[in-house]
Amino acid sequence: MDMQTSLLDRLFDSGLLIDTGVEGLYGRSGAFEDVIARFERLIDAFGGADGAEAMRFPPGMNRAHFETSGYMKSFPQLAGTVHSFCGGDADHMNLLQCMEVNGDWTKDQKATDIVLTPAACYPLYPTIAKRGRLPAKGGLYDLQSYCFRHEPSNDPARQQLFRMREYVCMGTQEHVTEFRQTWMDRGLEMMAKVGLDVTMDVANDPFFGRAGRMMANNQRDQNLKFELLIPVTSAAKPTACMSFNYHQDAFGAKWGLNLENGDVAHTACVGFGLERIALALFARHGMDIALWPADVRKTLGYQD
Ligand code: ATP
Ligand code: ZN
Ligand code: MG
């Protein structure tokens with residue numbers, strides 16, 4: 001039995017994660033959710049004074065915005081679309097007959113106007129673009145969303161539906177790169193406070209196909225993405241629990257995000273993988289929160 005299976009089994013056995021029969025799709029216990037809620041309060045404590053505008057979008061986004069984002073160019077393998085039955089009585093009869101004989105009843109489902117959100121910041125850009133030019137001080141937003149990625153795995157840290165807390169910054173190059181550096185420093189400090197071992201590394205997104213390899217290399221060469229890695233299932237191959245992305249002016253140009261003087265805005269986002277952070281805590285400190293180190297419990301606000 002490899003280590004991944006054993007952590008997943010321990011999470012199932014302790015009831016922290018609930019098996020649904022699908023890899024990467026889990027229920028969560030009250031205790032697991034409480035760890036996430038407490039960690040989010042720690043995030044608030046670090047970022048709360050910055051004056052970010054909080055917004056919460058559902059885990060589905062406008063399909064037209066998703067199309068504009070270019071996601072299908074870069075990550076077609078990860079996307080999830082919402083399809084529904086849109087037929088009449090006769091189609092319904094066919095559907096039920098098809099299900100009766102275990103046929104593929106899904107092939108006649110029609111695309112709706114909704115796709116599953118791939119990252120918490122995707123619904124933000126068109127929302128801000130619609131407002132007109134950014135204020136003089138730039139834009140800072142606080143987001144959290146369930147996100148979908150079709151990457152089934154028996155690694156409990158690679159889920160298909162998981163939550164991402166994000167801060168997104170829009171402004172000049174200097175402004176947004178300073179924002180990113182601030183959160184890289186804060187991320188290291190926060191993880192130390194909850195007793196987690198971290199390393200920071202340059203990273204790339206899993207761009208699809210042959211052209212994607214070039215985009216990934218370019219992203220690395222230009223230091224556009226960093227990840228904060230923490231051991232979850234393996235100390236030798238730690239898991240990305242935070243990521244720090246500088247988009248240059250690519251999103252600003254794509255969405256029409258402009259500064260007060262009309263220049264195209266630069267953007268950056270920092271993302272916390274909330275399930276991954278909770279899993280890192282359970283992997284490091286054990287399945288029983290009552291037995292976690294006193295200083296970690298104190299940081300997370302547990303009563304003695
Ligand atoms: P990885 O390299 O592990 O696939 P990623 O580069 O795809 O991660 P991002 O796209 O930067 O991750 O997403 C932001 C954060 O969301 C990550 O730092 C991670 O903590 C979390 N995350 C990403 N994919 C998953 C997943 N499948 N399950 C749980 N958390 C995830
Ligand atoms: Zn983002
Ligand atoms: Mg990924």
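Indexing begins at 1, ligand by ligand and atom by atom, following the structure's order.
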**OP:** Please confirm whether Q159 comes within less than 3.5 Å of ligand 1 when only nitrogen or oxygen atoms on both sides are compared.
**Re:**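 Q159 vs ligand 1: N/O contact under 3.5 Å present.
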Original post:
Charged N to carboxylate O under 4.0 angstrom, E67 versus K73?
Top reply: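 A salt bridge is absent here (no side-chain N lies under 4.0 Å from a carboxylate O).
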Original post:
Should the pair R186-D50 be classified as a salt bridge under the 4.0 Å nitrogen-to-oxygen rule?
Top reply: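 Salt bridge: yes.
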**OP:** Give the residue, atom name and distance (to 0.1 Å) of the protein heavy atom nearest atom 22 (N) of ligand 1.
**Re:**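 Residue, atom and distance for the closest contact: F162 CE1, 3.4 Å.
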Original post:
Which of parallel (below 30°), tilted (30 to 60°) and perpendicular (above 60°) describes Y167 and W183?
Top reply: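 Geometry flag for W183 against Y167: parallel rings.
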Original post:
Any side-chain donor-acceptor pair under 3.5 Å between D155 and S153?
Top reply: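 No pair is found: no donor N or O on one side chain lies under 3.5 Å from an acceptor on the other.
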**OP:** State, without any angle test, whether N204 and R220 hold a side-chain donor-acceptor pair at a distance under 3.5 Å.
**Re:**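 Short answer, yes.
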**OP:** Decide whether a cation-pi geometry holds between R149 and F162; the criteria are a distance under 6.0 Å from NZ or CZ to the six-membered ring centre and an angle within 45° of the ring axis.
**Re:**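 No, a cation-pi geometry is absent between R149 and F162.
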Subject >> Where ligand 1 meets R149 - atom numbers and elements under 4.0 angstrom, heavy-atom basis >> reply: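 Listed by number with element, the hits are 5 (P), 7 (O), 9 (P), 10 (O), 12 (O), 13 (O), 23 (C), 24 (N).
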**OP:** For M242, counting its heavy atoms only, list the atoms of ligand 1 lying under 4.0 Å from any of them.
**Re:**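 Counting atoms of ligand 1 from 1, those under 4.0 Å from M242 are 18 (O).
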Original post:
What angle sits at the Zn ion (ligand 2) between OE1 of E166 and SG of C121, to 10°?
Top reply: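 Rounding to the nearest 10 degrees gives 110°.
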If hydrogens are left out, which of [options] has an atom nearest to [atom], that is, the closest non-hydrogen atom?
atom	options	value
atom 14 (C) of ligand 1	S243, A120, P206, A157	S243
atom 8 (O) of ligand 1	M164, K225, R158, R276	R276
atom 19 (C) of ligand 1	S153, C121, C269, A240	A240
atom 27 (N) of ligand 1	Q160, H150, E151	E151

Subject >> Audit row: F12, Y26, ring pair (Phe, Tyr, Trp, His ring centres under 6.0 Å) steps and yes/no >> reply: CA-CA 10 Å; F12 284 159; Y26 307 114; 5.8 Å; yes
Original post:
For ligand 1, does E227 get within less than 4.0 Å through its side chain, its backbone, both, or neither, judged by non-hydrogen atoms?
Top reply: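 Under 4.0 Å from ligand 1, E227 contributes side-chain atoms alone.
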